[in-house]
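All values reported here derive from a predicted model rather than from experimental measurement. The sequence lines fix the lettering, A, B, ..., with proteins before strands; numbering per chain opens at 1.
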Amino acid sequence: MSQFWKPGTERPQGRVVDDEEGGLLFLFGSHHSSSARHGYASIEKQRQRLPVSKYRTAILYLVETHATTIIVGETGSGKTTQIPQYLKEAGWATGGRLIACTQPRRLAVQAVASRVAEEMGVKLGEEVGYTIRFEDVTKPDVTVLKFLTDGVLLREMMDDPLLTKYSVIMVDEAHERSISTDILLGLLKKIQRRRPELRLIISSATIEAKSMSDFFRMRKKRREIENKDHGPQVEPAILSVEGRGFNVQINYAEEPVQDYVQAAVSTTLLIHEREPAGDVLVFLTGQDDIDAAVQLLTDQVQTTGKHSSGLIVLPLYSGLPRADQELVFSQAPRGKRKVVISTNIAETSLTLEGIVYVVDSGFSKQRFYNPISDIENLVVAPISRASARQRAGRAGRVRPGKCYRLYTEEYFLNHMPNAGIPEIQRSNMVSCVIQLKALGIDNILGFDWPASPSAEAMIRALEVLYSLGILDDDAKLTSPTGFQVAEIPLDPMVSKMIIASSQLGCSEEIITIAAVLSVQSIWISGRGIQKESDEAKLRFAAAEGDHVTFLNVYKGFHQSGKSSQWCHKNYVNYHAMRKVLEVREQLKRIAKRIGLVLKSCESDMQLVRKAVIAGFFANACHLEAYSHDGMYKTLRGSQEVYIHPSSVLFRVNPKWVIYHSLVSTDRQYMRNVLTIDPSCLLDVAPHFYKLQQSNHLLF
DNA sequence: GAGCACTGC
């Protein structure tokens, strides 16, 4: 393959990070690398060298002596399951306090918790437990090691802002920089000033370790004061753990590729032709790319004939029906090679065993938020070097592997961004602001973030929350509305709709609608069944629009005894409906707790519409009088928008509508649309529409 | 008549 590929010179993963300010440096030997001695570790502190023979000793030493420890780990270093056990053994869970370990994903929480319970030989839910949404597998006064999603820990802070239940908190996968992780890190830094005895362990990839360390480094003045006492040191330490993964040989394209879908297909065929057995994982950007690549690969295999017996090509993306998704986990029959063509889902969320070859397109779909237009866009963008390494690492889980990057080494070294833009800088800030406000953080603009969101996004969020009556003139949470909204784990506009429904007497209906809106889609769709699923949808269609249609579906599902056959017959996604039931029950519990009235309006859909408007008045649109193709304009910003073809109001084109969300492609499409009476807008949100008129002059 | 990277509470 040498005529197409240039072997790379990227250094192996898991190397020492330079800590310039006299912190600690650790290097652990890789289990498979010949360059480092097996099981050996060394500690250097300035000129002092401490012999440490075990990873365990090093961790405990750091925890004893440092308020904050930054751990650099590579995938598969074992830190995730080992560190909590060491901490427990060393007696860090004392006086009824717990050790918390967070993960960004529910599945990872469950997996790590059960593995640790198994390693410790205890029953899951006793000494070792976990908490994720809808599932609390812990026992008060018995559980000492608690695994949880970072989102759950944030929710816990609303009742216990200093997290006094915990003596040590370990945040895993911090380099992924999810919104919850970033909020959590900011808050933990704050907590640490009030609770200097709290130990933090931040687990991150090498590439982010330095910036994490900088973030947790206290201001110089403060550090001098603290160092006078003989208390714990405030310097964060960096611990570098070499991953257990096998070496992955990196190959770069000699020339920039024109068409990465075609290049991915050709590369896969070359691997199949010239490389020994082993499965292939191809990273592309989305459903369209993936379906095209599957088609191309299948066609080319058939026309050339020579590969036909040996390849099993499987697509993988989250929108794929459950059964199709599970195919990728099955082992290829003897003598066959499995090729999985995937989105980013295989980068972190799913782990495929048996992958030896990775083909990396260098792109992924990423969300970007424009605070000026208040619109989120999904665009194909270059990945970061951190992602590229993560993707390559997927080839080294079972034995030494190879990674083919469909870009040049020059591009990788000189042009690819080092790390991705943190999610918080690419998102709408509305939910985030309300969470901080609920935790008593008044100076939102001055909050110490690992990465600050843009001022525009913050201001836009404050405006939206003010217009919803969630924040007052002083940007404080209103009572009771603001505090109630903060308790509900949904988009604030949805939460506002629920609170309004309690006053209007239609909360049973609105909670159902909120639950349906919180799942991806309750319809089964896909190529080949469009006609049937459209017809099924018409059986439920309501003249008022999609929200009321959801009520009809829920009613039918309920009357069928929550039957999966009923769902199948009506092209309704059974798994989605189960989730609707779960969310609905949680929302009812929360509604009761915060003093809302649970009541049904029976068939008075006028009340339902009023409640929806109370949350979504800012999304009102009217049909352009001269428009022949269903063009609407938003009242707020006069933006051109269209009803999405998946809506029951598609081609009905009522004069006035309100939408739940926009999806931007070549046009802006409104998803989940409801007809409204414009007088209702002035009724429910007179302040907003007056304000908008004066804004209009400004534009 | 069209489209949805991926999480999470």
Which pairs of donor and acceptor atoms, one on a side chain in residues 373-384 of chain A, lie under 3.5 Å apart (sequence neighbours left out)?
residue, atom, partner, partner atom, Å
A:Ser373, OG, A:Asn370, ND2, 3.3
A:Asp374, OD1, A:Tyr369, OH, 2.6
A:Asp374, OD2, A:Arg636, NH2, 3.4
A:Asn377, OD1, A:Ser664, OG, 3.1
A:Ser384, OG, A:Ala386, N, 3.4
A:Ser384, OG, A:Ser387, N, 3.2

Base, sugar-phosphate, or nothing for A:Leu378, non-hydrogen atoms under 4.0 angstrom? base

On a heavy-atom basis, the closest approach of A:Thr143 and A:Gly129 is CG2-N, 3.7 Å

Does the side chain to side chain contact (heavy atoms under 4.5 Å, CB included) test come out yes or no for A:Thr102 and A:Phe147, once each step is laid out? CA-CA 6 Å; A:Thr102 75; A:Phe147 295 86; over 6 Å; no

Tell me what A:Val380 touches on the nucleic acid: a base, only sugar-phosphate, or nothing, going by heavy atoms under 4.0 Å. nothing

Using a 4.0 Å heavy-atom cut-off across all strands, classify A:Asp491 as base, sugar-phosphate, or nothing. nothing

What nucleic acid atoms does A:Thr665 come within less than 4.0 Å of, heavy atoms only: base, sugar-phosphate, or nothing? sugar-phosphate

Under a criterion of less than 4.0 angstrom to any heavy atom of chain A, what are the 5'-terminal and 3'-terminal contacting nucleotides of DNA chain B? B:dG1 to B:dC9

Walk me through it: do A:Thr181 and A:Glu173 pass the test side chain to side chain contact (heavy atoms under 4.5 Å, CB included)? CA-CA 9 Å; A:Thr181 304; A:Glu173 314 287 3; over 6 Å; no

Determine the contact category for A:Ser364: base if any of its heavy atoms lies under 4.0 Å from a base atom, sugar-phosphate if only primed atoms, P, OP1 or OP2 are that close, otherwise nothing. nothing

Base, sugar-phosphate alone, or nothing: which one does A:Gln520 contact when heavy atoms must sit under 4.0 Å apart? base

Check every strand shown and say whether A:Arg106 touches a base, only sugar-phosphate, or nothing at a heavy-atom separation below 4.0 Å. sugar-phosphate

Look at all strands and tell whether A:Ile132 reaches a base, only sugar-phosphate, or nothing, counting heavy atoms closer than 4.0 Å. sugar-phosphate

Under 3.5 Å, is there a donor-acceptor pair linking the side chains of A:Arg397 and A:Thr351? no

Any base atoms under 4.0 Å from A:Ser180, or only sugar-phosphate, or nothing? Heavy atoms, all strands. nothing

Does the pair A:Leu185 and A:Trp449 meet the rule for a side chain to side chain contact (heavy atoms under 4.5 Å, CB included), with working shown? CA-CA 8 Å; A:Leu185 293 176; A:Trp449 301 92; over 6 Å; no

Please say whether the positively charged group of A:Arg405, taken as NZ for Lys or CZ for Arg, lies over the ring of A:Phe412, i.e. under 6.0 angstrom from the six-membered ring centre and within 45 degrees of the axis. yes

Quick one: on DNA chain B, does A:Arg651 or A:Ser664 contact a more 5' nucleotide (nearest heavy atom)? A:Arg651

For A:Arg671 and A:Ser518, find the nucleotide of DNA chain B closest to each by heavy atoms; which residue's nucleotide sits nearer the 5' end? A:Arg671

Please work out if A:Arg105 contacts a base, only the sugar-phosphate, or nothing of the nucleic acid, heavy-atom cut-off 4.0 Å. sugar-phosphate

